[in-house]
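Residue numbering restarts at 1 for every chain, and letters A, B, ... go by the order of the sequence lines.
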Amino acid sequence: MSQTASQPNADPTVDGVPPHRYTPALAQQIELAWQDRWEAEGTFHTPNPTGRLSAGFERVADRPKFFAMDMFPYPSGAGLHVGHPLGYLGTDVTSRFRRMDGDNVLHPMGYDAFGLPAEQYAVQTGQHPRITTEANIAAIKAQLRRLGVDHDDRRSFATIDPGYYKWTQWIFLQLFGAWFDPEAGKARRVEELVAELDAGTREPAPGTNPSGRPWAELGEVARRRVIDAHRLAYLHEAPVNWCPGLGTVLSNEEVTADGRSERGNFPVFRRPLKQWMMRITAYADRLIDDLDRLDWSESVKVMQRNWIGRSTGARIRFTVGAAGRVDARAETIEVFTTRPDTLFGATYMVLAPEHPLVPSLTAPSWPDGTDPRWTGGAATPAEAVEAYQRQASRRSELDRQDTGREKTGVWLGVTAVNPVNGRELPVFIADYVLTGYGTGAIMAVPGEDTRDFEFAQVFGLPVVRTVQPPEDFDGGAYTGTGPMINSANDEISLNGLDKVAAITRITDWLVARGSGEGTTTYKLRDWLFSRQRYWGEPFPIVYDEDDLPVAVPTSMLPVLLPEVDDYSPKTFDDDDADSEPEPPLSRATEWTTVVLDLGDGPKQYRRETNTMPNWAGSCWYYLRYLDPGDDEQMVDPELERYWLGPRGEGDVGGVDLYVGGVEHIVLHLLYARFWHKVLYDLGYVSSEEPFRRLVNQGYISAYAYTDERGFYVPAAEVVEENGQFLYEGKPVNREYGKIGKSLKNMVTPDEMIGAYGADTFRVYEMSTGPLEQSRPWETKAVVGSQRLLQRIWRVVVDEETGAVRADDDQAPSEETLRALHRAIDGVRDGMATLRFNIAIARITELTNHLTQAFGATSPVPRSVAEPLVLLVAPLAPHLAEELWSRLGHTDSVAWAPFPVADQQWLVEDTVQVAVQVNGKVRSQVSVPADADAAALEAAARADEKIAGHITGKTVRRVVAVPGRLVNFVLG
RNA sequence: GCGGGAGUGGUGUAACGGCAGCCACGCCAGACUUAGGAUCUGGUGCCUUCGGGCGUGGGGGUUCGACUCCCCCCUCCCGCACCA
């Protein structure tokens with residue numbers, strides 16, 4: 001452990017420093033000794049109610065359980081900076097508090113270890129990623145241990161352990177072996193689907209049976225394809241971001257606005273590839289609805305709701321009219337709209353450029369007199385369409401969503417018919433309509449939609465208003481509310497109705513005519529689950545002679561990651577858009593081909609060579625903490641019920657406190673919730689949600705400084721003088737940002753622990769604000785926390801003699817008792833609400849009171865000294881253990897009962913009450929705490945200053961709140 | 001643009017609708033010291049003619065009373081962003 005910072009305190013042997021002062025050197029000594037003892041004695045071993053980790057359960061059997069957890073770290077090798085431990089310390093303080101207060105506390109820690117950084121390092125060095133990963137894990141473990149966290153080390157694991165990813169693969173097989181029954185609203189096993197199809201009680205779901213022939217007439221291979229299309233984990237040909245230069249597909253987040261890879265700046269192409277997908281969209285409703293049952297912040301819930309993006313509306317079908325078309329074959333364009341009420345205002349239609357109907361709808365030629373703005377300057381619609389499609393395909397998804405761009409598009413040369421009024425609507429393609437959302441086609445209502453209005457302006461299309469705008473409306477699209485207008489035909493009128501009523505009426509009309517129906521769509525897409533990478537979980541899937549996927553039997557798990565010579569995917573010429581991904585595993589030829597007996601004799605199979613994404617291992621790790629050594633099952637149902645089960649009717653269950661960064665709000669938490677719900681449906685877990693209470697800890701940033709050239713200078717060496725910041729005597733400019741090497745403002749926990757000890761570091765981090773709040777780091781302020789711990793130490797230990805100052809016989813004064821119980825009350829409040837700053841402030845007040853009352857050497861009543869040590873124990877556990885032991889206790893303070901405030905000492909006998917005149921405080925009077933309003937008023941009137949204010953005036957009203965204040969309202 | 005959150009001393013923050021600024025950093029003074037980046041004690045919102053006045057981003061409102069509740073505006077942070 002490096003100790004680069006200089007110690008601010010003198011060595012204890014130097015003259016002037018008392019020999020038994022709590023110095024950083026002594027803190028180090030105490031901390032290391034207690035960390036060894038905790039480990040040797042298994043102080044933080046949490047007993048399970050049953051199974052191999054159940055030893056000692058009888059000690060905690062009557063306690064309520066409490067499961068506290070951090071988002072586990074990815075061991076990057078870059079090392080921790082002072083911002084990283086914030087959340088870990090928050091759960092640590094909470095778990096220590098809950099243990100002392102009588103809970104059976106589970107507080108484990110594991111490591112998310114598959115992933116790209118280790119693989120890239122392996123590609124560069126040729127070293128196996130496991131080696132660097134394990135070294136990084138060891139480094140983080142040592143840092144966490146040095147912070148004094150109370151993790152149960154027996155429950156630790158990494159996602160790369162074969163004993164762990166065996167069960168990640170097993171969960172994949174559960175998803176592969178299940179389908180979503182929309183009637184039941186839940187996942188069921190594929191065997192049940194087959195049985196219902198065989199029995200004729202169920203038809204294949206829409207889109208799963210391309211041949212359209214009845215199930216009974218399908219051959220075996222065709223039937224398997226139908227089944228495979230139902231599965232929650234399924235293969236799907238989908239457009240992905242293929243980057244030949246990197247040899248891999250990229251997520252949307254990894255592609256820049258100009259269509260290149262964020263890493264390496266290689267061209268990225270949208271191309272269809274067969275990939276594993278997870279049918280998370282089937283769970284969209286439950287993922288939204290169950291948010292209401294979670295103890296999460298509203299902002300996180302809103303983000304998840306937005307990501308899922310549920311919107312209700314209607315599908316409406318338009319038949320394509322005759323204009324310009326020679327082959328009069330009828331086509332139907334289906335659109336999705338949230339505003340079917342505005343159907344009378346539709347004046348044109350737009351398809352996404354990639355819409356499958358585009359080729360068949362494109363007219364052979366432009367009709368005479370076609371507006372030149374509609375043709376894109378092309379001689380025929382086909383040429384215009386081709387040019388426009390090419391242009392659109394070169395734009396990345398991100399770029400297409402840039403709202404500032406002027407609307408573009410071309411006319412297909414045809415019109416469709418508005419079912420409500422027979423109006424002929426020209427059909428365009430335009431890239432402001434997205435392929436993946438809704439039906440990839442819209443009815444355009446420029447009167448009430450901003451985007452459609454913009455397009456209509458550019459292309460000279462008519463605008464029909466169907467919602468009455470207010471008097472002062474100044475044009476453009478009116479998206480507000482108002483009565484419907486211009487919306488009637490022979491059969492139906494919406495005029496005068498409000499939006500909700502109009503939607504209901506028009507939808508009923510469309511349904512009756514067979515032209516549409518109410519529906520719901522989602523922004524959420526199914527989860528792309530394949531990666532062309534080495535350092536991930538292999539799929540437990542092989543392909544047979546029909547090239548169809550077959551599950552590897554559970555008995556053959558785990559499918560171990562094979563050794564390879566080269567960890568990189570095959571890369572191609574940067575612009576080779578037609579190249580095929582070739583994952584690293586595909587080159588492990590002895591591995592990819594395998595002979596297995598899957599029940600019908602030994603046959604040759606080909607293994608899946610993609611690996612799972614990084615999210616897989618983090619989707620379910622909370623379940624594995626319950627017993628990571630279990631080789632028989634993913635999780636013992638009895639343990640799951642105990643640690644995660646619902647606490648009562650309607651309760652979702654789950655981890656009691658989950659702390660982590662905001663960056664995982666959407667993807668990780670959504671994916672984990674999805675898997676958990678599948679496991680719930682299939683009967684493996686009793687809880688409906690994985691994380692009952694979620695807290696996002698704030699970030700710690702730090703000041704950084706630039707010189708006159710704009711270069712960053714080492715922040716640690718900048719001094720402040722008279723409000724100016726100087727580096728080597730020259731003024732520098734102060735900025736504020738992420739802690740790290742690039743801003744030269746890195747501060748590590750190791751440095752702080754070296755300079756002050758872990759307890760001081762813990763107290764400082766916890767004292768700077770509520771856990772959720774982001775905050776600046778300020779090294780110079782750490783000393784305040786050290787001073788506090790020194791004063792607490794001094795309350796118990798005489799600095800000169802080392803003798804314990806606790807006095808068994810002395811009774812504390814009433815004033816001291818009040819200070820103590822106020823502190824207990826406040827500390828409990830702070831602990832329960834994760835506002836550790838409050839808890840520390842109350843501890844400081846008590847300490848300051850004791851320092852004043854008893855000086856540096858007088859005996860301190862044991863009945864006050866001991867509770868003080870207990871109060872600070874969750875925050876500064878090493879210091880507390882040492883003092884607790886010096887006070888004569890042989891057991892760890894970690895299991896000592898947390899003090900309970902006595903109400904008697906929380907109420908005062910007499911209270912100071914403010915006296916206001918016209919709402920302004922003019923005086924204070926001292927009255928008995930139980931004085932009623934009349935007594936309060938009398939005391940206030942008797943006060944000289946008040947008498948001076950009210951004599952000769954008319955007192956119109958007197959407000960007297962017992963225990964609070966008196967307010968004279970003058971007339 | 002839409003949605004969410006937040007604006008309080010020099011700084012981090014604290015205040016069941018009831019005395020704004022607890023606690024800490026910093027700063028000022030003192031004690032102990034050869035010394036102080038140690039420790040301890042006291043002071044520290046702003047203005048002031050020393051009576052007091054003004055203060056929680058700005059403006060309104062509700063109330064006897066508003067940092068707190070309501071409306072409008074400003075600023076900052078976060079998320080989403082042509083999602084039909």
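Heavy atoms of A:G309 sit nowhere under 4.0 angstrom from any nucleic acid atom. Counting any heavy atom pair closer than 4.0 Å across all strands shown, A:T439 reaches no nucleic acid atom. Contact annotation for A:R922: backbone-only contact, meaning every heavy-atom pair under 4.0 Å involves sugar-phosphate atoms and none involves a base. Here A:S767 lies out of heavy-atom contact (under 4.0 Å) with every strand. Heavy atoms of A:T450 sit nowhere under 4.0 angstrom from any nucleic acid atom. Counting any heavy atom pair closer than 4.0 Å across all strands shown, A:V302 reaches sugar-phosphate atoms only and no base atom. Heavy atoms of A:I843 sit nowhere under 4.0 angstrom from any nucleic acid atom. In this structure, A:K523 reaches the bases: a heavy-atom distance under 4.0 Å links it to at least one base atom across the strands shown. Within the 4.0 angstrom heavy-atom criterion, base atoms lie near A:R842.
With both ends at atom P, the span from B:G51 to B:U33 equals 39 Å, rounded to whole Å. With P as the reference atom, B:U62 and B:C67 are 16 Å apart, rounded to whole Å. Nucleotides B:A35 and B:C47 are separated by 40 Å at their C1' atoms, to the nearest Å. To the nearest whole angstrom, the two P atoms, one in B:G18 and one in B:G52, are 26 Å apart. Nucleotides B:G37 and B:C27 are separated by 15 Å at their C1' atoms, to the nearest Å. To the nearest whole angstrom, the two C1' atoms, one in B:G26 and one in B:G10, are 8 Å apart. A gap of 15 Å separates the C1' atoms of B:G45 and B:A14, to the nearest Å. Spacing between B:C25 and B:C32 at atom C1', rounded to whole Å, works out to 24 Å.
Closest approach of A:G476 and A:R465 over heavy atoms only: O-NH2, 2.6 Å.
Within 90° of 0 lies the glycosidic angle of B:G51, which makes this nucleotide syn. Classification of B:G9 as syn follows from a glycosidic angle within 90° of 0.
With ring centers used as reference points, A:W777 lies under 6.0 Å from A:Y764. Aromatic ring centres of A:F761 and A:Y756: separated by at least 6.0 Å. A ring-centre distance under 6.0 Å is not found for A:Y522 and A:Y437.
Position along RNA chain B of the nearest nucleotide to A:E799 versus A:Q852 favours A:E799 as the more 5'-ward residue. The nearest heavy atom of RNA chain B to A:D452 and to A:R775 marks one nucleotide each, and the one closer to the 5' end goes with A:R775.
Applying the 4.0 Å criterion to OP1 and OP2 of B:C16, one finds that A:R964 has every side-chain N and O outside that range. Proximity of A:Q790 to the phosphate of B:A38: no side-chain N or O atom is located under 4.0 Å from OP1 or OP2. Regarding contacts with the backbone of B:A24, every side-chain N or O of A:N837 stays at 4.0 angstrom or more from both OP1 and OP2. Look at A:N848 and you won't find any side-chain N or O under 4.0 angstrom from OP1 or OP2 of B:C40. Phosphate contact (OP1/OP2 of B:A84, side-chain N/O of A:S311, threshold under 4.0 Å): present. Proximity of A:R787 to the phosphate of B:A38: a side-chain N or O atom is located under 4.0 Å from OP1 or OP2. Here A:R21 does not reach the OP1 or OP2 of B:C40: none of its side-chain N or O atoms lies under 4.0 Å away.
Proximity note for A:A781 (side chain, C-beta onward) versus B:A84, B:C64, B:C25: the nearest is B:C25. Residue A:V433 places its side chain closer to B:A84 than to any other of B:G18, B:A84, B:C40. With B:A84, B:C23, B:G18 as the choices, the nucleotide that has an atom nearest any side-chain atom of A:Q916 turns out to be B:G18. Set against B:A84, B:C64, B:G18, the side chain of A:V969 has B:C64 as its closest nucleotide. The side chain of A:A914 lies closest to B:C19, out of B:C23, B:A84, B:C19. The side chain of A:L965 lies closest to B:G18 when the candidates are B:C64, B:C23, B:G18. Nearest to the side chain of A:M303, among B:U13, B:C40, B:C78, sits B:C78. Side-chain proximity of A:W307 to the nucleotides B:A15, B:C80, B:G12 is greatest for B:C80.
A distance of 9.0 Å separates CG of A:D759 from CG of A:L875, quoted to the nearest 0.5 Å. Here the straight-line distance linking atom CD1 of A:I950 with atom CZ of A:R941 works out to 5.0 Å at 0.5 Å rounding.
Across the strands present, B:C40 finds its partner in B:G30; the criterion is a Watson-Crick or G-U wobble pair with both atom distances under 3.5 angstrom. The nucleotide B:C22 finds no pairing partner, because no Watson-Crick or G-U wobble arrangement with both distances shorter than 3.5 Å includes it. Judged by Watson-Crick or G-U wobble contacts below 3.5 Å, the nucleotide B:A6 has B:U75 as its partner. In a base pair of the Watson-Crick type (N1 to N3 plus N6-O4 or O6-N4) or a G-U wobble (N1-O2 and O6-N3), with each distance short of 3.5 Å, B:A81 is matched with no nucleotide.
Between A:V958 and A:V969, the closest side-chain pair of non-hydrogen atoms is not below 4.5 Å.
For the pair A:H849 NE2 and B:C40 C1', the interatomic distance rounds to 17 Å; values are reported in whole Å. For A:E800 and B:C32, the CD to C1' distance is 12 Å, given to the nearest whole Å. When rounded to the nearest whole Å, the span between CD of A:E298 and P of B:A6 equals 12 Å. Distance A:M766 CE to B:C23 C1': 16 Å, rounded to the nearest Å. When rounded to the nearest whole Å, the span between CZ of A:R791 and P of B:U39 equals 9 Å. Atom CD of A:E845 and atom P of B:C22 are 10 Å apart (whole Å). Here B:G3 presents its C1' atom at 14 Å from CD1 of A:I665, a figure rounded to the nearest Å. The nearest whole Å value for the distance from the CZ atom in A:F836 to the C1' atom in B:G12 is 17 Å.
A:T857 and A:D798 share no donor-acceptor pair across their side chains, judged by distance under 3.5 Å alone. Using modelled atom types and a 3.5 Å distance limit, the side chains of A:T342 and A:E448 yield no donor-acceptor pair.
A distance-only check finds a donor-acceptor pair linking the side chain of A:N967 to the backbone of A:G919 [under 3.5 Å].
A:N967 contributes a side-chain N or O that forms a donor-acceptor pair with the base of B:C64 under 3.5 Å.
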